[in-house]
Amino acid sequence: MWERTLQDLIRGLRANKKDESKFIGQAVDEIRREIKSDDMELKAGAVMKLTYLDMLGYDMSWASFHVVEAMSSPRFHLKSVGYLAAAQSFNEDTDVLMLTTNLLKKDLSSNPTDIAITLNGLSAFLTPDLARDLTTELIAMMNHSRANIRKRAILAIFKILEQYPEAGSHARPRLFEKLDDPDSGVVAATVNVLCELARRNPHDYLSLAPQLFHLLTNSTNNWMLIKIIKLFGSLSPYEPRLVKKLQPPITELISTTPAISLLYECVHTCIIGGMLQGSSGDSLAKLCVSKLAAFIQDSDQNLKYIALLAMTKIVPSHPHLVAEYQDTILASVNDPDISIRMRALDLVTAMVNRSNLQSIVQQLLSHLLPDSSSSLPSATQSLAQNSMHISSSLTSPNQSPSYRLILSQRILSVCSRSTYENVTNFEWYISVLIDLAHVANVNIGAEIRDQLVDVVGRVRAARRYAVQQMYSVLTDDSILQNAGEEGSCSEILWAAGWIVGEYCQELAEPERLLPYLLQPEITRLPQDTISVYIQAAIKVFGFWTSELAQRWDEDELPKVQSAVESILERMSTLVSSPYIEVQERAANISQLCSFIAADLNTHRANKTAIPSAGSSSTFDDGMGSIEVNFPKSLYLIGPLFSSYDLNPVASHAQASVPIPDGLDLDAWIVPPPQEPMVVPEEVAPEKKKKSKKGKEKESETNGKKARTSSKKKQREIELLQDGDVLTPVDADVETVEERERRKAERREQLKDDPYYIIEDAPHKPTDEEIDTIPIVRLEEMPSIVPDASSRRPILRATAQDFSSPDTFVVDRDGEMPENAILRPTPTTNPSSGQATPIASGSLPKPAHLSSFPQYETPDDTRTSTPEPIKVVRSKKKATGGDKEKKKKKRSATTASGAT
């Protein structure tokens, strides 16, 4: 009578929080003594305390047999303790479950109270073996006289079908009968089970459509209606006739029901069941969208979330209906809840088309601007927010770097979708890209750079505007000063340099751009950007000098000399750059400009005739001699970069290049090392025979071997001359596994070789490495959030008028290589829209200046691959025996020649 009860155990745990493990150890020792008692009341109390400890995470599997003893008690309150402990602790690996089969069968045939307890506990620890043995009893329980037993048996049947699917042929007919049960609770339980089963195999439950439709139109139980609606959502895709039948009742439910959960299930079923298709579904779709729009404006965040999720599924079929609520949806992009913002972004991305692209992108860009109305946190609060992810009420939600990155990526993705099919004005889009580089404040520069280059390469009509905008980017010192900082998007400078260099003919005053391309501050840029700046500078200089030569005036000479001197000065500095690519480009340009500088210094104002190939004084082009008075070196740079048009390449261009005849991609470039030949064991007995023969036989054998060896060496020499790999005559063909093994060995040998680049996966830091990073607390530092009093940046896309765009033609196909293998889909001409085959020799020929004769090459100039050089090895000094053999051979040759 003085034993500790469950209440005492709970009080003791609360009183011993400082030394909980010690208290629990003492309690478990007491439970071990109690559970072995013959007193069933004491045993059941110990099982109850173990069940509580198991909920706290302590193992009670050692007491499984005593749990079965409590289950077998004839007293109801003790039996319930046993089934509760079994439901809590038993699993498929519990050994004593095999002892419970007869006990469960006995309890299922007992009084209704024991049956209810058994069904409740059985569903928690049912195994495939128990399901097979108890199927007959549970199917019989579905016809029990008491409704609560039938309801529990129906729910247990679901567990039976999960563990033992073979019981479905016997259980389904009885389960279908329960849809007509007089008790509403039994019908609701049946619908619940059918709803879960139909999600896995809808074909087996299509015959229940009439009964379910009757329940749908006559039931008033909202929870059962939700399950029926879900069930019809699973059946409708497999029975098209259900769509027209279900539209009237579901429309009535959507219009009249006050239950939010039922309303959402009706809308969701209409979407996944295909009820919004066709002319009859337009009115239902309009009703669904209006209800979902009301959910978005509701203060409940859960309703907002599910409404945005459902609208995302309606957009593909009815985008015009969703577009009516564009402002409401875009307002959710600025919601404090990150999950709401992400679902709103998904919906906005899906609803974009040609008519609303510009308005949507403008509003998304405005979300990236700093919020001047919000209260600014201190530096400590800003750092704490980034490291500890505290509440977003300290600052605007749009200041989160991760969200700003996602928002910027969505802007780029919706505009570039299907090769810019929704963009109608590419001048506007170029402005959007530049604005995004200024306001994104995240690492999105590489994507902006790639799209700028791609747009300018594909759309010829936008090149002049792009060059003008890139000129303003290059002359803006703010981007160059912030290069290298987090979120500076300095990669746009790469695109700007490449565009102005490649399309420098669109520049009005090219010489004014050279100082910006050659300024000393460019050394803080990355290696690839510096290289592009150097290349752009020489391209601009070459175009400018070519244009200057056509309208040459002697007053221009000092200006050109000054430009050449500035280029040489900058190249002399960049030649010593730590980047090898920058060194090479700077050295090449320095040599070219040195030649131009020498020619400019020796230039005189006298007119000079250009000699032709056949004359030493003048060049006659059929209309008389051409005389020029400009330095001829002005035309040195231009043709190097303007001979060919740089156009976009088709996506399948590389795959369409035919493989040349005789090229074996699987052949070894470097022969593998030869493995030593292993002499078979069968040859060993021959050695014994050899020892039994005389010297005469041995000498004869040695002579044969010598002749065979000389023939083998001659064959090896021939193979080496042909460039083949020496392989054993009887060697098998190399298998795929052998080739892979050789590749692995070669890769292992070359991994430390500095002349080979091995692509290794990037190193991912481990948890231990992350934990070792020190945390630095910065106090009284300036705020990382922009000052509220600072002027908000003006977006180029809104400051300019793009209301009347020109006709932009996008080159979506790109060029195919010469002699390409054409695919079934032909190349489309953007201007005519017709497929045009690629003719042989259609690549543009290099342009040449008419003022100069072309170089001529003699006809006998060898243009093919030279013959391989034969290596003659020095002969070894012959021995006495060899000299005698050679004399005999020469005498025999002389005799044959005489005859």
Side-chain angles (χ1 to χ4, degrees), residues 3-10 12-13 20-111 113-138 141 152-153 155-160 162-164:
E3 299 296 337
R4 187 178 304 177
T5 62
L6 176 61
Q7 289 78 6
D8 297 333
L9 177 65
I10 296 174
L13 284 173
E20 182 177 325
S21 59
K22 181 179 179 181
F23 175 79
I24 291 179
Q26 296 175 356
V28 170
D29 292 338
E30 294 179 3
I31 293 172
R32 288 181 182 273
R33 293 192 301 267
E34 295 173 0
I35 208 169
K36 295 178 182 179
S37 173
D38 295 334
D39 187 359
M40 189 58 66
E41 292 283 350
L42 188 60
K43 186 186 293 290
V47 170
M48 179 66 74
K49 289 187 286 184
L50 279 178
T51 304
Y52 179 77
L53 292 178
D54 185 80
M55 295 178 182
L56 297 181
Y58 296 93
D59 182 39
M60 63 169 293
S61 59
W62 56 271
S64 300
F65 183 79
H66 302 290
V67 172
V68 175
E69 289 181 327
M71 293 168 57
S72 61
S73 174
R75 300 182 183 180
F76 172 75
H77 66 285
L78 301 181
K79 183 184 289 291
S80 61
V81 170
Y83 275 102
L84 176 62
Q88 178 66 31
S89 62
F90 283 5
N91 52 51
E92 294 184 359
D93 299 329
T94 303
D95 297 334
V96 297
L97 277 177
M98 64 178 66
L99 305 176
T100 61
T101 304
N102 293 329
L103 173 63
L104 294 173
K105 288 185 176 183
K106 177 183 176 182
D107 289 341
L108 288 175
S109 60
S110 183
N111 58 72
T113 313
D114 292 345
I115 293 175
I117 296 175
T118 305
L119 290 174
N120 290 343
L122 178 65
S123 302
F125 57 83
L126 194 66
T127 62
D129 293 337
L130 286 177
R132 182 190 65 243
D133 297 336
L134 300 177
T135 297
T136 305
E137 285 76 8
L138 287 177
M141 287 294 125
R152 286 179 170 85
L155 297 177
I157 282 293
F158 175 70
K159 293 291 185 179
I160 291 287
E162 274 190 333
Q163 299 290 338
Y164 185 58

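Not measured: the values here are computed from a predicted model.
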Under the 3.5 angstrom rule, does the side chain of [X] hit a backbone N or O of [Y] as a donor-acceptor pair?
| X | Y | result |
| --- | --- | --- |
| Asp54 | Leu50 | no |
| Ser72 | Glu69 | yes |
| Asp133 | Leu130 | no |
| Ser110 | Lys106 | no |
| Asn102 | Lys105 | no |

With a 4.5 Å cut-off on side-chain heavy atoms, are [Y] and [X] touching?
| X | Y | value |
| --- | --- | --- |
| Ile157 | Thr135 | no |
| His77 | Glu41 | yes |
| Val81 | Leu78 | no |
| Ile115 | Thr118 | no |

Quick one: sort the Phe125 and Phe90 rings into parallel, tilted or perpendicular, breaks at 30° and 60°.
-> perpendicular
Quiz: residues 20-27 side-chain donor-acceptor pairs under 3.5 angstrom, not counting sequence neighbours:
none

Do Thr127 and Asp129 have side-chain atoms, one donor and one acceptor, less than 3.5 Å apart?
-> no
Note: Glu30-Lys49 ion pair, threshold 4.0 Å (strictly below) | no
So does Phe65 have more than 12 non-hydrogen atoms from other groups sitting under 6.0 Å from CZ?
-> no
